[in-house]
Amino acid sequence: MSARANRPSFSAPIRAGRIVDLTPAPVLMRSWRFSYRTSPAAWAAYWQPAPRPGWHDLLALTKRGEATIEGDLHPFMTHLQYFKDVLALPRQHFAVAAS
C-alpha cells in the first residue's frame with residue numbers, strides 16, 4: 001500500500017492569492033503545478049494551537065517524512081510564507097474548540 005493511499009486530497013486552485021475552489025480529489029484532467037500531501041493525523045498535529053516541535057511547520061513535516069511536496073516547487077518556495085499562513089489558519093478553530 002502506498003503512503004498516499006489513505007490521504008484524502010483536495011484540489012485548491014488559487015487565483016490572485018485567493019483560494020477560489022476546494023474540490024475533493026480525484027479531479028480528472030485538472031492541471032496542477034505542485035501538491036503538498038500529508039495524512040489527516042499529521043494535519044491534526046500541525047493544526048494544534050501550539051504544535052510540538054517537528055509538527056509546527058510545513059517543511060518540518062516533510063523533513064519528518066509526514067508530508068510530500070511534488071511537482072514544480074518554484075511557486076511553493078517563492079510564496080512559502082503565504083502557504084504557511086493559509087495552511088495554519090485552521091489552528092484558530094482548534095484553539096477555539098479546545099477552550
message: Take a 6.0 Å sphere around NZ of Lys63 and say whether it holds more than 12 heavy atoms from other residues, nucleotides or ligands.
response: no

- prompt: Just by distance, do the side chain of Glu66 and the backbone of Thr62 share a donor-acceptor pair under 3.5 Å?
  reply: no

message: To the nearest 0.5 Å, what is the distance between OH on Tyr46 and CG on Leu61?
response: 7.5 Å

statement: To the nearest 0.5 Å, atom CZ of Arg33 lies from atom CG of Leu73 at 11.0 Å

- request: Determine which pairs satisfy side-chain hydrogen bond (donor to acceptor under 3.5 Å, both in side chains) with at least one residue from residues 12-28, sequence neighbours left out, and list them in order.
  value: Asp21-Thr23

Heavy-atom side-chain contact between Trp32 and Ser11 under 4.5 Å: no

message: Run Arg64 and Trp55 through side-chain contact (heavy atoms from CB on, under 4.5 Å) and show every step you take.
response: CA-CA 8 Å; Arg64 295 178 62 82; Trp55 298 90; 3.1 Å; yes

- prompt: Which class fits the ring pair His79 and Phe83: parallel under 30°, tilted 30 to 60°, perpendicular over 60°?
  reply: perpendicular

Nearest non-hydrogen partners of Leu58 and Tyr36, listed with the distance: O-OH, 2.8 Å

task: Mind checking the CZ-CG spacing from Phe34 to Asp72? Nearest 0.5 Å is all I need.
output: 9.0 Å

field: Side-chain donor/acceptor of His56 to backbone N/O of Gly54, under 3.5 Å
entry: yes

task: Look up atom CD1 in Ile14 and atom OH in Tyr82, then write down how far apart they are to the nearest 0.5 Å.
output: 4.0 Å

task: Provide the full list of salt bridge (Lys or Arg N to Asp or Glu O under 4.0 Å) pairs with a residue in residues 44-56, sequence neighbours left out, each pair given once.
output: none

message: I need the minimum non-hydrogen distance between Pro51 and Ala45, along with the two atoms involved.
response: CB-O, 3.6 Å

task: Report the C-alpha distance between Leu59 and Leu80 in whole Å, list the side-chain angles of each, state the deciding distance to 0.1 Å, and finish with yes or no for side-chain contact (heavy atoms from CB on, under 4.5 Å).
output: CA-CA 10 Å; Leu59 296 179; Leu80 183 59; 3.8 Å; yes

query: Would you say the side-chain atoms of Ser35 and Glu70 include a donor-acceptor pair closer than 3.5 Å?
result: yes

